[in-house]
Visitor: 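My structure is below; once you've seen it, I'll send some questions.
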Amino acid sequence: MKELREIAGMFRMDGEIKEIKPLGNGLINDTYKVITSGESPDYVLQRINNAIFKDVDLLQSNIEAVTAHIRRKLVEAGEKDIDRKVLTFVPAEGSGRTYVEQDGKFWRLSVFIDNADTFESVTPEYSEYAGEAFGDFEAKLADIDVELGETIPDFHNMELRLRQLVEAVSKDAAGRLHKEGRMELESILADIDANAEDMCLAEQLHRQGRLPKRICHCDTKVNNMMFDKDGSILCVIDLDTVMPSYVFSDFGDFLRTAANPVAEDSPETEKVDFDMEIFKAFSRGYIRGTKSFLTPLERQCLPYAACLFPFMQAVRFFTDYINGDTYYRTDYPEHNLVRTRNQMKLFHSALEKVPQMAEWISSLS
Ligand code: GN1
Ligand code: MG
């Protein structure tokens, strides 16, 4: 991969490159591990998907501000091992910015955190740590004095996601609504429609001035946390979507992935079930991590957030399916439909458990 070596070489990195190989399984950016020889750290090289993140400069400005702010807080708190607790983006030769452009493609390089793991699923115990860590991430960023932009405007705006679905249906660009199996697609649409208004509660509350936007991570999937070998949390990664949003984003999106016993694209929908043990543990950690700022209304709406995210993700996958798979990486033609079925099942399972969730939340101190 000669081209990748050249790109990595455009950054102020240490050491000789030994090997570059693909890393992780994100759906948006292309990620590689840059292995160096000797004592130098390894690195993560990423091509930023600028079809999705249209303003790369804004994106990297946000990330630079967020990592600098967190680093400062860690130093102030006298933490040790700071380079493993916050990501370090490497400046480019020349510009000093943390990205380079090459033939219309955008790249960035960060230091690889050694001896750390990411997981695709977690136990209740790890969920509690994760809840506290994501809560703490938001708490640390509550007093950032740089105004962060929305890297994807209205990213978690449910009303917008529904409008995008309506638009996709009216265009039917891939002709999928007219193919065999159309009945199923219509019943999914009816199911979405029946729940749409309730799921737009966040936007309604925001318009009433009752729900603030705060700096959130906005992609709190289980695999976006790094754990140390002893099981403690090192840091959260994948900072592309750190931006102002409702706290529901971070709460709901974590549970969407962690409380589902199978992967979001598993065709075994009969196994999809919202796991209350994960919910209980995660919410206990999250409420602890956010006690410095969470309002009673935000707290009361957490069960709604747990339903909102599978629902929103179903709407997004389904929209992409109807559009002909233009957004998410897919491995086979029905991939986005399989994901939609899975997420709708999770949504309904969570919805049934709202009373239990509410009871648990009010029992926490
Ligand atoms: C995308 O690339 P990845 O897997 O980190 C998406 C998230 C979705 C997720 C679904 C910018 O994240 O919002 O929840 O796929 N990110 C963007 O797996 O759209
Ligand atoms: Mg991501």
Side-chain angles (χ1 to χ4, degrees), residues 1-53 56 59-60 62-64 66-67 70 81 83-92 98-103 105-122 126 130 133 137 151 217-229 231-242 253-254 257-258 263-265 327-331 335:
M1 295 199 217
K2 180 165 168 283
E3 191 206 359
L4 294 177
R5 279 174 183 259
E6 265 167 36
I7 291 159
M10 293 165 82
F11 292 89
R12 292 182 206 154
M13 59 174 289
D14 294 333
E16 287 282 302
I17 300 174
K18 219 163 70 183
E19 193 193 341
I20 301 187
K21 57 181 191 188
L23 180 72
N25 52 4
L27 298 186
I28 305 290
N29 300 315
D30 298 327
T31 309
Y32 304 89
K33 182 172 180 186
V34 180
I35 300 167
T36 62
S37 48
E39 290 299 292
S40 313
D42 292 336
Y43 293 88
V44 177
L45 178 66
Q46 257 192 334
R47 176 156 104 80
I48 303 167
N49 183 334
N50 63 309
I52 289 175
F53 297 104
V56 175
L59 172 73
Q60 286 304 111
N62 274 3
I63 291 181
E64 287 163 21
V66 164
T67 49
I70 293 180
D81 207 12
D83 287 337
R84 298 175 75 229
K85 292 184 179 161
V86 61
L87 294 177
T88 307
F89 286 84
V90 183
T98 56
Y99 68 92
V100 296
E101 186 184 348
Q102 172 89 323
D103 304 326
K105 295 180 178 169
F106 293 84
W107 299 85
R108 66 181 165 212
L109 190 78
S110 58
V111 177
F112 181 82
I113 299 181
D114 241 337
N115 282 316
D117 292 312
T118 59
F119 299 105
E120 295 301 322
S121 65
V122 282
Y126 275 27
F137 180 81
T151 53
H217 182 278
C218 294
D219 191 13
T220 52
K221 291 198 294 196
V222 176
N223 59 13
N224 279 337
M225 318 230 40
M226 295 217 99
F227 291 85
D228 210 344
K229 291 292 174 202
S232 62
I233 296 217
L234 284 168
C235 63
V236 303
I237 56 171
D238 196 354
L239 305 176
D240 293 331
T241 51
V242 175
D253 220 12
F254 180 86
T257 48
E264 68 182 12
D265 66 348
Y327 190 92
Y328 292 108
R329 189 169 293 155
T330 50
D331 298 336
H335 206 159

Visitor: Which atom names give the shortest non-hydrogen contact between I17 and A8, and what distance separates them?
Guide: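 Of all heavy-atom pairs spanning I17 and A8, the closest is CD1-CB, 3.8 Å.
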Visitor: For the residue pair L4 and W107, establish whether any side-chain heavy-atom pair is separated by less than 4.5 Å.
Guide: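 Yes, their side chains come closer than 4.5 Å.
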Visitor: Would K105 and D30 pass as an ion pair if we require N to O under 4.0 Å?
Guide: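 Salt bridge flag = no for D30 with K105.
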Visitor: For R329, is there any backbone N or O sitting under 3.5 Å from a side-chain donor or acceptor partner on H335?
Guide: no
Visitor: Looking at side-chain heavy atoms only, is the closest gap between V56 and R108 below 4.5 Å?
Guide: no
Visitor: Hey, does the side chain of R5 reach the backbone of I20 with a donor-acceptor pair shorter than 3.5 angstrom?
Guide: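 No; zero donor-acceptor contacts below 3.5 Å.
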Visitor: So N115 and R84, side-chain contact (heavy atoms from CB on, under 4.5 Å) or not? Walk me through it.
Guide: CA-CA 9 Å; N115 282 316; R84 298 175 75 229; 3.8 Å; yes
Visitor: Counting only N and O atoms by type, is there a donor-acceptor contact under 3.5 Å from the side chain of D228 to the main-chain atoms of I233?
Guide: no
Visitor: Indicate the atoms forming the closest heavy-atom contact of C235 with K85, along with that distance.
Guide: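 What the structure gives for the nearest pair is CB-O, 3.1 Å.
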Visitor: Where the side chain of Y327 meets the backbone of I52, is there a donor-acceptor pair that is under 3.5 Å apart?
Guide: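 Here the side-chain-to-backbone pair does not exist.
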Visitor: Do the side chain of N224 and the main chain of D219 share a donor and acceptor less than 3.5 angstrom apart?
Guide: yes
Visitor: Which heavy-atom pair separates G15 from S40 by the least distance, and what is that distance?
Guide: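 Scanning both residues, the minimum pair turns out to be CA-OG, 3.1 Å.
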Visitor: State the CD-OH distance between E64 and Y99, to the nearest 0.5 angstrom.
Guide: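 OH of Y99 is found 8.5 Å from CD of E64.
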Visitor: Report the distance from atom CZ of R47 to atom CD of Q102, rounding to the nearest 0.5 Å.
Guide: 12.0 Å
Visitor: Ignoring hydrogens and geometry beyond distance, is a side-chain donor-acceptor pair present between Q60 and T98 at under 3.5 Å?
Guide: yes
Visitor: Please round to the nearest 0.5 Å and tell me the distance separating atom CG of D81 and atom CG of L234.
Guide: 7.0 Å
Visitor: Going from CG on N223 to CD1 on I237, what distance comes out if it is rounded to the nearest 0.5 angstrom?
Guide: 7.0 Å
Visitor: Donor-acceptor pair, distance only, cut-off 3.5 Å: does the side chain of T257 make one with the backbone of K221?
Guide: no
Visitor: Taking T88 for its side chain and V111 for its backbone only, find out whether a donor-acceptor pair lies under 3.5 Å.
Guide: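 No.
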Visitor: Are the side chains of V242 and F137 in contact, using a 4.5 Å heavy-atom criterion?
Guide: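 Yes, side chains in contact.
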Visitor: If you look at every heavy atom in N49 and A51, which pair is closest and at what distance?
Guide: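 Looking at all heavy atoms of both residues, the shortest contact is OD1-N, 3.0 Å.
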Visitor: Do the non-hydrogen side-chain atoms of L45 and M13 ever get within less than 4.5 Å of each other?
Guide: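 Heavy-atom side-chain distance check fails, nothing below 4.5 Å.
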Visitor: So does I48 get a backbone contact from the side chain of N29, meaning a donor-acceptor N/O pair under 3.5 Å?
Guide: no
Visitor: Check whether T36 reaches the backbone of P41 with its side chain - one donor and one acceptor, N or O, closer than 3.5 Å.
Guide: yes
Visitor: Any salt bridge between D117 and K229, counting N to O under 4.0 Å?
Guide: yes
Visitor: What distance do D114 atom CG and F112 atom CZ have between them, rounded to the nearest 0.5 Å?
Guide: 6.0 Å
Visitor: I need the H217 NE2 to F254 CZ distance, nearest 0.5 Å.
Guide: 11.5 Å
Visitor: Checking side-chain contact (heavy atoms from CB on, under 4.5 Å) between L87 and each of V66, L239, I63, which is the one that passes?
Guide: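 Single side-chain contact (heavy atoms from CB on, under 4.5 Å) partner of L87 among V66, L239, I63: L239.
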